[in-house]
Chemist: 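Okay, handing you the structure first.
Residue numbers start from 1 in every chain, and the chains themselves are labelled A, B, ... in the order their sequence lines are given, proteins ahead of strands.
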Number of protein chains: 2
Amino acid sequence: MNATEDALTILRTRSLSGVLEREIEKAILGGEIPPGKRVNENLLATRFGTSRGPVREALRALEGLGLVELIPNRGVFIRQPAVEEAIEIYDVRTVLFGLAGKLLAERVGDAQVARLKEYLEQMEEAARSRDFDRYYPLNLAFHEFIIDACGNATLAAQYRGLVKKLHLFRARSLVQGGGLEVSNSEHREMVEAVAARDPERAQRAHSDHVARAKARLLAAYQKAEAQAPRLTN
Amino acid sequence: MNATEDALTILRTRSLSGVLEREIEKAILGGEIPPGKRVNENLLATRFGTSRGPVREALRALEGLGLVELIPNRGVFIRQPAVEEAIEIYDVRTVLFGLAGKLLAERVGDAQVARLKEYLEQMEEAARSRDFDRYYPLNLAFHEFIIDACGNATLAAQYRGLVKKLHLFRARSLVQGGGLEVSNSEHREMVEAVAARDPERAQRAHSDHVARAKARLLAAYQKAEAQAPRLTN
DNA sequence: AGATTGAAAACTGTCAACAGTTTGCAGAAT
DNA sequence: ATTCTGCAAACTGTTGACAGTTTTCAATCT
């Protein structure tokens, strides 16, 4: 039953170019194809065992997501956001995440609050033991949970698109700058505001969290720039 | 010179599928292809004198914009947002436009303030004389100006995408509900806050403006629903 | 040696055709 | 009369090939 069900769902939701889109996106975000580089349609086609048609369709979809850029007669290139664009993205993320916090506080259920507190405790424990490898995926899941639970699919889609673009930022290693404890005290305030069902406070807590992350990124970036100016070219 | 320049720029920025994308988008937003209807690839291809390849690429791009939906083996369908999605979009627009107002207040120049006041006066005049046909494009240009002048291209792209989606909302005639004078007093507060270079006040004024537009839409929608429930199915 | 030119190779843009699926319809069975 | 069945038409998904452009590289010239 499992096998047939799988086959059915696969066939129903297939669309070669759809699969290709996800697969190519994975290759791009995984850094397999370095930013700035041209994407070779033939290479991708042979790699996935298809013709160039579906590959081109997938690339056009990725262009809409802002992950690649299409230059006529030269091909598609992996986009490479400059600092300015990263800042733009952070500003937009700030208000989007704030809205997510507000909406969540308006509709959150007890079970969801429990989940949030669970995440919080696990992250605090990971932070105490300086276990970054454990902290990072928890942090990701925590934010994903909020974005999903706020109940606005439009917001979720836009937010996820921004995060993907941010992954192409060349100095994205700096995005993590800021330390675990600092970030976690902000998480606590977010959860408390949501648990109190206080939309306004939750909105402020959530947007402040991203705004501070932007400030941390900027500080780390300027520091790195001073040490190795070549990074910024 | 004009002709050669035109030809050059056309050739440089060409890409048949890019042109097709804009053209098909125009056909969709213009209501030529009604929401919910399937788009016939062959028809579009013959209409524009191309083969189906570029048409398919353009449709995949439009799918990314959220204007059409792709169902495997059945084709692409014009999306038809429900009220719930329209509400979602308004909520996101609210915070995006608020951010635009804040950013604008932080960076606005005297010339831009003058332009804003110009728009305001023209709109007020049109409102006084109940000239809706003159008011509507002015209102559109006013909002476009703010979105462009705020200096955040990421925000502008997202905002424009949302507005396009809203055009597919079946009861979009209701979007205009609310009256010219009400809306214009809100415009005045927005411009004054920006002119005062008060980011916080500008953010509130701008987001309140969209939030009130959402409320007006909802009121008009529920009223229409009570009169003709079939609209809501 | 370095710059320049020209041809070949590689790659993108587009097309027409074929395979497989869905849809519409006519005829048969109930 | 209505439902079911099976066939035909229409349409989507995908492919391979061809045309035109860009890139690479070697031979030539300064």
Chemist: Looking at A/R160 and A/E144, is any side-chain nitrogen of the basic one under 4.0 Å from a carboxylate oxygen of the acidic one?
Modeler: yes
Chemist: Counting distance alone, no hydrogens or angles: does the base of C/dG13 have a donor or acceptor under 3.5 Å from a partner atom on the side chain of A/R74?
Modeler: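 Flag unset: no donor-acceptor pair detected.
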Chemist: Could you give the CG-to-P distance, from B/L44 to C/dT14, as a whole number of Å?
Modeler: 16 Å
Chemist: On DNA chain D, compare the nucleotides closest to A/T50 and B/L43; which residue's is nearer the 5' end?
Modeler: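 Its nucleotide being nearer the 5' end, the pick is B/L43.
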Chemist: Less than 4.0 Å between a side-chain N and a carboxylate O, is that true for B/K165 and B/E25?
Modeler: no
Chemist: Between A/E32, A/E23, A/E41, which is the residue that forms a salt bridge (charged side-chain N to carboxylate O under 4.0 Å, His left out) with A/R47?
Modeler: A/E32
Chemist: Rounded to whole angstrom units, what separation is found between the CD atom of B/E41 and the C1' atom of C/dT22?
Modeler: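 In whole Å, C/dT22 C1' and B/E41 CD are 14 Å from each other.
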Chemist: Can the ring centroids of B/H143 and B/H187 be said to lie less than 6.0 angstrom from one another?
Modeler: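 Yes, ring centres under 6.0 Å apart.
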Chemist: Under a 4.0 Å threshold between the charged nitrogen and the carboxylate oxygen, would A/R60 count as salt-bridged to A/E63?
Modeler: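 The answer is yes: the pair qualifies as a salt bridge.
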Chemist: Tell me: CZ of A/F48 to P of D/dT14, nearest whole Å?
Modeler: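 So the CZ-P distance, A/F48 to D/dT14, works out to 14 Å.
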Chemist: Once you round it to whole Å, what is the distance between C1' of C/dA9 and CG of A/N42?
Modeler: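 Those two atoms, CG and C1', are 13 Å apart.
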Chemist: Between B/E63 (CD) and D/dG13 (P), how many Å, whole number?
Modeler: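 Interatomic distance, CD of B/E63 to P of D/dG13: 11 Å.
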Chemist: Using 4.0 Å as the upper bound for N to carboxylate O, is an ion pair formed by A/E57 and B/R52?
Modeler: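 Judged by the 4.0 Å cut-off on N to carboxylate O distance, B/R52 and A/E57 do not form a salt bridge.
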Chemist: If you check the B/N73 side chain, which of C/dT22, C/dG13, D/dT14 turns out closest?
Modeler: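 Of all the options, the side chain of B/N73 is nearest to C/dT22.
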Chemist: Can a side chain N or O of A/R38 be found less than 4.0 Å away from OP1 or OP2 on C/dT12?
Modeler: yes
Chemist: So, does B/R107 use its side chain to make a donor-acceptor pair with the main chain of B/A149 at under 3.5 Å?
Modeler: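 Yes, B/R107 side chain to B/A149 backbone: donor-acceptor pair under 3.5 Å.
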Chemist: Of the options D/dT12, C/dT12, C/dC15, whose atoms approach the side-chain atoms of A/R52 most closely?
Modeler: C/dT12
Chemist: Within residues 53-61 of chain B, which residues have any heavy atom lying less than 4.0 Å from an atom of DNA chain C?
Modeler: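 Per residue number, the list reads B/P54.
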Chemist: Take atom CG of A/L70 and atom P of C/dT14, then tell me their distance rounded to the nearest Å.
Modeler: 10 Å
Chemist: Looking at the side chain of B/N40, which of C/dT14, D/dC11, D/dT15 is the nearest nucleotide?
Modeler: D/dC11
Chemist: Without decimals, in angstroms, what is the distance between A/I71 CD1 and C/dG13 P?
Modeler: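 That distance rounds to 11 Å.
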